[in-house]
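Side chains included, hydrogens not; waters and symmetry mates left out as well; all remaining heavy atoms used.
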Amino acid sequence: MRREPVFHGVCAPSLRLSVLSSGSSGNATYVEAGGRGFLVDAGLSARGLRRLLARVGRDLESVEAVLVTHGHSDHTSGIRSLVRERGVEVYAARGVWDAPGTVAVEVAESFEVCGVRAAFFEVPHDAPTCGLRISGGDGVTAAFATDLGEVTPQVLGWMRGARALVLEANHDPEWLRRGPYPMDLKRRILSSRGHLSNLQSAEAALALAPYGLSEIVLAHLSETNNTPVRACGTVALALRRAGYGGVRVRAAMRRHPTPWISVGALADDDGECVYRRAEESGRLFDLGR
């Protein structure tokens, strides 16, 4: 397995992104490179996507393609309307999303979309699912893995060298064990083909931090078994204790886009993201030290 280079200093970012929404009610991330844009997953209606894109200064007309990582409706429900209304191209690994007109890509095969290089990679889950690695023209890289039960060495290899990472942090294990879910669902979530816990996400962040990671967005948080404060606190604390406090940690939320993330730009704070109620602060993403 090849080792990705360590990045030093500030490089002019060729990629930027905003996680528009994340969770069981719908997942979508808008990625932009050189003025061209595409979505990673489209698990909301076209109307919902239009509203969220407007909040980051974009529109459906900005979307040229959709890259599908997972075939469930919370990742795909808006795709057919985007194809019908906008004629967007759809890319997916074979077996993940096989709708007519989809460009089927082999796992681990590099392809070009909207001026970036992309590749899907396998992740362990109980339904066909892939992570995604994308690189701009200058080699600056981002990676996505939002439905997986464990971070294997192979998955780490695909994410190594990414400056920005969108990674699942689904649950706090103790909250899940004590919570209201049926026992069989708890076992599924906790299994190696279920969903990542906050601690598993922290362990992955620690493994990737020495290879240039500067920004991590925690995704697919459970409404019942997690909170943004809990997830960010677990991951940020682990990074600070290991000497990687410069990695900025955010949590993606349902129908509230993250601020723009310039991939490769160094974070200008100590990595801690403080979440306050909207009625208290007027903002959902308040960064604090």
* To do: Please indicate whether Arg80 has more than 12 foreign heavy atoms, meaning atoms of other residues, nucleotides or ligands, lying under 6.0 Å from its CZ.
  => no
* **Any donor-acceptor N/O pair, Glu32 side chain to Arg16 backbone, under 3.5 Å** => no
* Asked: Going through the distances and angles, do Val107 and Cys130 end up as a side chain to side chain contact (heavy atoms under 4.5 Å, CB included)?
  -> CA-CA 8 Å; Val107 171; Cys130 284; 4.1 Å; yes
* Criterion salt bridge (Lys or Arg N to Asp or Glu O under 4.0 Å) on Arg47 and Glu85, from CA distance to verdict -> CA-CA 11 Å; Arg47 180 180 297 179; Glu85 296 177 24; over 6 Å; no
* How long is the span from the OG atom in Ser45 to the CZ atom in Arg50, to the nearest 0.5 Å? -> 10.5 Å
* Expected output: side-chain Ser73 to main-chain Thr76 donor-acceptor under 3.5 Å -> no
* Asked: Between Arg193 and Glu150, does at least one N-O distance fall below 4.0 Å, as a salt bridge requires?
  -> no
* To do: Check the pair His220 / Asp74 against side chain to side chain contact (heavy atoms under 4.5 Å, CB included), numbers first and verdict last.
  => CA-CA 10 Å; His220 219 296; Asp74 60 327; 3.4 Å; yes
* To do: Could you tell me whether the side chain of Pro210 reaches within less than 4.5 Å of the side chain of Tyr244, counting heavy atoms only?
  => yes
* Give a yes or no answer on whether the side chain of Lys186 reaches the backbone of Pro180 with a donor-acceptor pair at less than 3.5 Å. => no
* Asked: Under 3.5 Å, is there a donor-acceptor pair between the side chain of Thr234 and the main chain of Cys232?
  -> no
* How is the hydrophobic cluster of Ile189 composed, in terms of its other members, when Ile, Leu, Val, Met, Phe, Trp and Tyr link through side-chain heavy atoms under 4.5 Å apart, directly or indirectly? -> Leu176, Tyr181, Leu185, Leu190
* Considering residues, nucleotides and ligands other than Arg241, do more than 12 of their heavy atoms fall under 6.0 Å from its CZ? -> no
* Arg117-Ser110 side chain donor-acceptor pair, cut-off 3.5 Å -> yes
* Asked: Can you get from Val235 to Leu167 by hopping between Ile, Leu, Val, Met, Phe, Trp and Tyr side chains that sit under 4.5 Å apart?
  -> yes
* With rounding to the nearest 0.5 Å, note down the distance linking CZ in Arg51 to CG in Leu44. => 9.0 Å
* Under 3.5 Å, is there a donor-acceptor pair between the side chain of Thr102 and the main chain of Ala104? -> no
* Indicate the atoms forming the closest heavy-atom contact of Arg36 with Cys114, along with that distance. => CZ-CA, 3.6 Å
* Decide yes or no for Asn198 and His171: does some side-chain heavy atom of the first lie under 4.5 Å from some side-chain heavy atom of the second? => no
Check: residues 88-95 side-chain donor-acceptor pairs under 3.5 Å, at least two apart:
{"from": "Glu89", "atom 1": "OE1", "to": "Tyr91", "atom 2": "OH", "distance (Å)": "3.1"}
{"from": "Arg94", "atom 1": "NE", "to": "Glu106", "atom 2": "OE2", "distance (Å)": "2.4"}

* **side chain to side chain contact (heavy atoms under 4.5 Å, CB included) between His125 and His195, intermediate numbers included** => CA-CA 8 Å; His125 195 51; His195 292 277; 3.6 Å; yes
* Taking side chain as C-beta onward, heavy atoms only, is Leu49 less than 4.5 Å from Val63? -> no
* ILVMFWY cluster, Ile261 and Leu20 together (side-chain gap under 4.5 Å) -> no
* Asked: Are Leu218 and Leu206 joined in one hydrophobic group, where the rule is that I, L, V, M, F, W and Y side chains link up if heavy atoms are under 4.5 Å apart?
  -> yes
* Donor-acceptor pair, Arg133 side chain versus Ala142 backbone, under 3.5 Å? -> no
* Check whether any side-chain N or O of Ser81 sits under 3.5 Å from a backbone N or O of Gly78 as a donor-acceptor pair, and report yes or no. => yes
* Arg58 backbone acceptor or donor facing Ser62 side chain under 3.5 Å -> no
* Non-hydrogen atoms of Arg255 and Arg55 that approach each other most closely -> O-NH1, 3.2 Å
* Close side-chain approach of Pro124 and Val155, heavy atoms under 4.5 Å -> yes
* To do: Start with the C-alpha gap between Val247 and Arg240, add the side-chain angles, then the distance that decides, and say whether side chain to side chain contact (heavy atoms under 4.5 Å, CB included) holds.
  => CA-CA 9 Å; Val247 178; Arg240 284 201 302 273; over 6 Å; no
* Shortest non-hydrogen contact from Leu213 toward Ala205 -> CD2-O, 4.2 Å
* Hey, are the side chains of Leu156 and Leu208 touching, using non-hydrogen atoms and a 4.5 Å cut-off? -> yes
* What closest approach, in Å, do Ala231 and Leu221 show between heavy atoms, and which atom pair accounts for it? -> CB-CD2, 3.9 Å
* With rounding to the nearest 0.5 Å, note down the distance linking CG in Leu239 to CD1 in Ile216. => 7.0 Å
* Asked: Is there a side-chain contact between Leu52 and Ser21, using heavy atoms and a 4.5 Å cut-off?
  -> yes
* When you check the side-chain N and O atoms of Asn27 and Ser22, is any donor under 3.5 Å from an acceptor? -> yes
* Asked: Counting only heavy atoms not in Glu64, do more than 12 sit closer than 6.0 Å to its CD atom?
  -> yes
* Between His70 and His75, what is the ring plane arrangement, given parallel below 30°, perpendicular above 60°, and tilted in between? -> perpendicular
* Asked: Do the rings of Phe121 and Trp158 sit parallel, tilted or perpendicular, given the 30° and 60° boundaries?
  -> parallel
* Asked: Which atoms form the tightest heavy-atom contact between Ala219 and Ala252, and what is the distance?
  -> CA-CB, 4.4 Å
* How close do Ala33 and Val116 get, heavy atom to heavy atom, and via which atoms? -> CB-CG1, 3.4 Å
* To do: Spell out, as yes or no, whether a donor-acceptor pair under 3.5 Å connects the side chain of Arg86 to the backbone of Leu60.
  => yes
* Counting only N and O atoms by type, is there a donor-acceptor contact under 3.5 Å from the side chain of Ser18 to the main-chain atoms of Thr258? -> yes
* Cluster question for you: counting only ILVMFWY and a side-chain heavy-atom cut-off of under 4.5 Å, with indirect links fine, are Phe111 and Val68 together? -> no
* Does the side chain of Thr69 come under 3.5 Å of the side chain of Asp41 through a donor N or O and an acceptor N or O? -> yes
* Phe144 versus Leu17: any side-chain heavy-atom pair under 4.5 Å? -> yes
* To do: Tell me whether Ile134 is reachable from Val66 by hopping between hydrophobic residues (I, L, V, M, F, W, Y) whose side-chain heavy atoms are closer than 4.5 Å.
  => no
* Do Asp172 and Asn225 touch side chain to side chain, with heavy atoms closer than 4.5 Å? -> no
